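Remember, predicted model here, so these are calculated numbers, not experimental data. Numbers here are sequence positions counted from 1.
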Amino acid sequence: MTQVILFNVTNGLIIGAFYVLMALGLSLILNLSNVINFAHGNFLALGGYLAFTLSPVLGYWGALLISPLLTALIGVVVERLMIRRIYNRDPVYSLLLTFGLAFVLQDAARFIWGPNGLPMGLPAALAQPITSTLFFITVTVIGLFAFLRYSRIGLRIRAGTFDLETVATLGVNVRHLRTLNFAVGCLLAGLSGVLAAGQIGLNPNMGDELLMPSFIAIIVGGVGSLIGTLLGGLLIGMAAALTTAFYPAASEAVIYAIMMAVLLLRPRGLIGEEGMMS
C-alpha cells in the first residue's frame, strides 16, 4: 500500500504540474484582460498537433521549441481579430466567444489530423524517469515567474493586473500589452500540449480533460494570484491522485469537492485578491 501511495503521489505531482502550466496561462489572460478563455484547452491540443507534424523534420526537441511559439503566434492572430473586440465588456461575452472558438478549433483539428488518437513518442530523457517531465515543467514555471518579476514586459503585465488604467496613463500601449499577454498564455498552453501529447497521446478532445481542472485550480488558489494558481493546481492534482489509490470512482469528484469547500470557507481562494470573488 505504501508503494501505491508513493506512486500516486508522484503521479499526482505530474498531473498537478500540467494543471499548473495550463492554469497559469488561463490566469494571465483572465487577470489582465478579464477574458475567460474557454478555448484554452484547444490551444493545448493545437500545440501537440503542431509538434506531431514538425517532429519528423525538426526532431522532438525542435518541435518542443517551435510548436509553442507557433501556438502563441496563432493566439496573436485570434486576439487581434476576435478577442480584443470584447475587451471592457461583461466576461460572459468572452466566455461565449471562446466557447464557440473551441468548437471551431476542435473541428479544424479533426479535419486536418483526423478524429482518431495519434501516438507521439517521448525522447529517452523524458520517457524513462517519470520525474523528468515534472522537472521540465517546474523549470518552465520558474522561468515564467522570473519573466514576470524581472523583465520590463513582465512587470508591466503584473502592474496591469492591478490597475490597467494607471499603466495606460504612464504611456504603456495597453493594446500591445494585452496581445503579448494573450500570446504568453497560448504559449504555455502549446507547451502543455507538446508535453501532454507524449504522456497521454494526441486527440482533438485532449484539452478538455485538463481545461476544467485548470479553471478549478485558479478558483481554489484565488483569482488574481499566480502563486495561488500554482498551489491550487498542485493541490487538486495530489488530491485526485491520492483519492485514486483508495476510491478511484471519486477521483474527479474530489476536485469539485475541494472547490466547493474553498468557496464556502474562503470565497476569494487560498491566496486570492480581496474582492475578486467575494
Side-chain angles (χ1 to χ4, degrees), residues 21-54 58 62-89 91 93-109 111-113 140-141 143-148 151-161 164 167-168 171-197 204 206-207 210-211 214 226:
L21 207 54
M22 273 282 287
L24 286 174
L26 278 168
S27 186
L28 280 174
I29 296 170
L30 177 61
N31 293 347
L32 182 66
S33 303
N34 204 30
V35 168
I36 302 172
N37 185 15
F38 215 82
H40 203 68
N42 301 94
F43 282 103
L44 176 145
L46 181 61
Y49 277 115
L50 288 173
F52 176 82
T53 303
L54 294 174
L58 302 177
L64 181 64
L65 176 64
I66 300 300
S67 298
L69 295 175
L70 291 177
T71 307
L73 183 61
I74 294 171
V76 168
V77 174
V78 168
E79 192 275 341
R80 290 192 172 184
L81 293 180
M82 288 182 277
I83 303 298
R84 69 168 45 178
R85 300 177 184 274
I86 57 172
Y87 290 144
N88 303 320
R89 293 192 178 187
Y93 284 91
S94 66
L95 190 151
L96 293 174
L97 173 63
T98 57
F99 187 76
L101 177 62
F103 284 104
V104 172
L105 292 176
Q106 196 171 94
D107 284 345
F111 177 78
I112 297 172
W113 290 284
T140 303
V141 172
L144 172 65
F145 277 88
F147 166 75
L148 293 173
S151 71
R152 178 176 297 182
I153 296 174
L155 290 172
R156 289 176 177 177
I157 290 175
R158 289 176 58 206
T161 61
L164 194 59
V167 170
V172 176
N173 190 318
V174 172
R175 290 164 66 95
H176 291 170
L177 188 66
R178 278 173 161 165
T179 300
L180 179 62
N181 183 67
F182 193 87
V184 171
C186 291
L187 184 144
L188 292 175
L191 180 61
S192 302
V194 181
L195 295 173
M206 62 182 294
L210 296 173
L211 181 63
S214 299
L226 294 180

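- Summarising the geometry of L105 relative to A39, their closest heavy-atom pair is CD1-CB, 4.4 Å, with the distance given to 0.1 Å.
- Looking only at side-chain heavy atoms (C-beta outward), S67 and L54 come within less than 4.5 Å of each other.
- For the pair I36/L30, a side-chain contact is recorded, criterion being any heavy-atom separation below 4.5 Å from C-beta on.
- No donor-acceptor pair closer than 3.5 Å links the side chain of S27 to the backbone N or O of A23.
- In the displayed structure, Y93 atom OH is contacted under 6.0 Å by at most 12 heavy atoms of other residues, nucleotides or ligands.
- The structure places CG of N173 at 11.0 Å from CG of L180, a figure rounded to the nearest 0.5 Å.
- In this structure, I83 and N37 have side chains that are not in contact, with every pair of non-hydrogen atoms separated by 4.5 Å or more.
- In this structure, F147 places its CZ atom where more than 12 heavy-atom neighbours from other residues, nucleotides or ligands lie under 6.0 Å away.
- Across every non-hydrogen atom of S151 and G154, the tightest pair is OG-N, 2.9 Å.
- With contacts defined as side-chain heavy-atom distances shorter than 4.5 Å, the pair H40/M22 qualifies.
- Taking 4.5 Å as the limit, some side-chain heavy atom of L188 sits within range of a side-chain heavy atom of L28.
- The shortest distance between side-chain heavy atoms of L211 and L44 does not fall below 4.5 Å.
- In this structure, L50 and L46 have side chains that are in contact, with non-hydrogen atoms separated by less than 4.5 Å.
- The aromatic rings of F182 and F43 lie perpendicular to each other, with more than 60° between the two planes, well past the 30° mark.
- At most 12 heavy atoms of other shown residues, nucleotides or ligands fall within 6.0 angstrom of atom CD1 in I153.
- Contact of the L64 side chain with the L195 side chain is registered, since non-hydrogen atoms from C-beta on lie closer than 4.5 Å.
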Set out, in order, the CA-CA distance, both residues' side-chain angles and the distance that settles side chain to side chain contact (heavy atoms under 4.5 Å, CB included) for V184 and L144, then state yes or no.
CA-CA 9 Å; V184 171; L144 172 65; 4.2 Å; yes

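- Here the closest non-hydrogen pair linking P204 and A109 is CB-CB, 4.4 Å.
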